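These numbers come from a predicted model, not from an experiment.
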Amino acid sequence: MLKSQLLNQVRQIMRLKHLSIRTEKAYIGWIYRFILYNDKKHPKELGETEIRNFLSMLAIENNVSPSTQNQALNALLFLYGKVLHQPLGDLGNVVRANRSLRLPVVFTKIEIAEIFKYLSGENKLIVSLLYGSGLRLMEAIRLRVTDLDIKQNRIIVRFGKGNKDRITMFPESLQQTTKNHLQKVKAVHLQDCDEGFGEVYLPYALEKKSPSAAKEWKWQYVFPSTKRSIDPRGKKEMRHHLAESNVQRAIKNAITKAGVNKNGSAHSFRHSFATHLLEGGYDIRTVQDLLGHADVRTTMIYTHVLNKGGVSVKSPLD
């Protein structure tokens, strides 16, 4: 009972702070696992030692990735700092999950052209934005009509990684395809409105500031789900965005059919975007801004893919 009350309190505070539903589910999951690991004791009875043991266990016994371990740590920092108001002290002796350098999977332009042959409809349009604009998959799927500035050939990416906004290019070659797609989406939206629905989840307190905004065309998702569903927070029937798994499945099938023998994914198109821009002679700082990287060192990974460190290196044999 106490555990249930605590998790509900965590949910309430996370919603007051406007954290995403995905972050909410992840944090709740880690807090629940932390409580179970410590024999269902209330976190108020626990502290730095138990947290260190839990995080070290994830690295040693569960062999989790560094990003997974960091997510668990962030969940517990949120619990103690924002919910229990017991800021944590020293966590310096945590065994960290090994972070090894992995070069990104990058497709050649020929491989991308082959993969595109086996994509169609909205899946092809989404993947075109991953490669043509450098978007992450969830950034593309969460796009709203207002985020597309087709006339100016730009996209506004809102609430990207690190909760940051940025601007990237919109490929001119996608203009007509996108306009045709939006016409179909608008027809579905108007039908939803006629049936008494048509609302969409709005960021932050926009719904309170503008009660009618949830039905406005500009706030609708560019890639809506084929079916309406119940919003887990507002409990209203809405049309959410497309599920990322649909696109991931289409990409895997297309890679296989194209005969591309690389372990690629949706993110490989973003990697290819950056690599091909650098190959084309664009400045690394420009590529950094388009990708939304906070640190240029993150963008530098693509110079390894190019086998360049500012200069081309030739083999002694050549």
Side-chain angles (χ1 to χ4, degrees), residues 4 7-29 119-130 135-151 155-160 163 165 170 174-250 266:
S4 177
L7 295 181
N8 285 335
Q9 186 182 2
V10 173
R11 284 192 189 93
Q12 185 179 14
I13 293 175
M14 291 184 77
R15 291 177 185 185
L16 286 173
K17 293 186 176 296
H18 311 293
L19 298 182
S20 73
I21 191 73
R22 290 162 66 93
T23 302
E24 179 182 313
K25 288 180 179 178
Y27 279 20
I28 291 293
L119 291 167
S120 61
E122 64 182 2
N123 286 328
K124 186 173 183 178
L125 180 53
I126 291 170
V127 177
S128 296
L129 290 172
L130 304 186
L135 300 183
R136 299 176 178 90
L137 178 56
M138 288 309 299
E139 289 174 346
I141 288 176
R142 286 174 175 160
L143 282 175
R144 298 176 191 256
V145 175
T146 189
D147 299 331
L148 296 182
D149 189 344
I150 297 177
K151 289 183 180 179
I155 296 173
I156 301 174
V157 181
R158 303 183 193 277
F159 311 115
N163 203 29
D165 293 355
F170 176 81
L174 294 180
Q175 281 195 3
Q176 193 55 52
T177 303
T178 304
K179 288 177 181 177
N180 294 341
H181 171 76
L182 289 176
Q183 284 180 353
K184 296 176 184 177
V185 173
K186 191 168 188 177
V188 173
H189 171 60
L190 292 175
Q191 184 176 346
D192 281 347
C193 290
D194 289 341
E195 294 174 4
F197 301 100
E199 292 189 14
V200 69
Y201 169 75
L202 293 174
Y204 296 157
L206 181 60
E207 187 175 13
K208 293 181 180 178
K209 294 177 183 176
S210 179
S212 62
K215 284 192 176 184
E216 290 180 12
W217 164 238
K218 68 180 181 180
W219 289 109
Q220 303 305 307
Y221 288 113
V222 174
F223 301 105
S225 172
T226 55
K227 295 180 181 179
R228 295 192 298 263
S229 58
I230 303 298
D231 178 64
R233 291 179 170 177
K235 305 302 180 184
K236 291 182 179 180
E237 186 171 331
M238 297 179 172
R239 194 175 292 276
H240 203 49
H241 58 64
L242 190 70
E244 61 189 301
S245 58
N246 294 352
V247 187
Q248 291 168 335
R249 197 177 306 115

Response to the item:
Residues at least two apart in sequence or cross-chain that pass side-chain contact (heavy atoms from CB on, under 4.5 Å) with L190, listed by chain then number, are K186
Fill in: Within-4.5 Å side-chain heavy-atom neighbours: R158 and D165
yes
Practice prompt. Identify, with sequence neighbours excluded, every residue that meets side chain to side chain donor-acceptor pair (under 3.5 Å) alongside T146.
Written response: none
Worksheet item: Any side-chain heavy atom of M138 sitting closer than 4.5 Å to one from R22?
Response: yes
Worksheet item: Backbone N or O of E199 within a donor-acceptor pair of the R239 side chain at under 3.5 Å?
Response: no
Worksheet entry | Heavy-atom closest contact (M14 atom, Y27 atom, distance) | CE-CD2, 3.6 Å
Discussion item. Distance check, rounded to the nearest 0.5 Å: I141 atom CD1 versus L130 atom CG?
Written reply: 8.5 Å
Worksheet, complete the sentence: All heavy atoms of A266 vs all of L137, minimum pair found to be CB-CD2, 4.0 Å
Worksheet entry | Pairs satisfying ring pair (Phe, Tyr, Trp, His ring centres under 6.0 Å), at least one member in residues 177-198, at least two apart | H181-F223
Fill in: Interatomic spacing from CG in L7 to CD1 in I28 - rounded to 0.5 Å
5.0 Å
Worksheet entry | Partner set under side-chain contact (heavy atoms from CB on, under 4.5 Å) for A250, not counting sequence neighbours | L119, N123
Worksheet item: Considering residues at least two apart in sequence or located in another chain, which fulfil the side-chain contact (heavy atoms from CB on, under 4.5 Å) criterion with K184?
Response: none
Worksheet item: By salt bridge (Lys or Arg N to Asp or Glu O under 4.0 Å), which residues pair with R228, not counting sequence neighbours?
Response: D192, E195, E237
Discussion item. If the condition is side-chain contact (heavy atoms from CB on, under 4.5 Å), which residues does T178 pass it with, not counting sequence neighbours?
Written reply: L125, L148, I150, F170, L174, L182
Discussion item. Do V185 and V145 make a side-chain contact, defined as non-hydrogen atoms from C-beta onward lying under 4.5 Å apart?
Written reply: no
Practice prompt. Please name all residues satisfying salt bridge (Lys or Arg N to Asp or Glu O under 4.0 Å) with R249, sequence neighbours left out, ordered by chain then number.
Written response: none
Practice prompt. Output all residues satisfying salt bridge (Lys or Arg N to Asp or Glu O under 4.0 Å) with D149, sequence neighbours left out; order by chain, then residue number.
Written response: R154
Worksheet entry | Partners passing side chain to side chain donor-acceptor pair (under 3.5 Å) against Q12 (at least two apart in sequence or in another chain) | none
Response to the item:
For R136, the salt bridge (Lys or Arg N to Asp or Glu O under 4.0 Å) test, sequence neighbours excluded, returns E139
Worksheet entry | Partner residues of S20 under the side chain to side chain donor-acceptor pair (under 3.5 Å) criterion, sequence neighbours left out | T23
Item to complete: Write down the atom of G198, the atom of Q220, and the distance for their closest heavy-atom approach.
Response: O-NE2, 3.6 Å
Worksheet entry | Point-to-point distance, once rounded to the nearest 0.5 Å, from CD of E24 to CD1 of I21 | 4.0 Å
Worksheet item: When the aromatic ring centroids of H240 and Y201 are compared, is their separation below 6.0 Å?
Response: no
Item to complete: Flag the pair N246 / T226 as yes when at least one side-chain heavy-atom distance between them is below 4.5 Å, and no otherwise.
Response: no
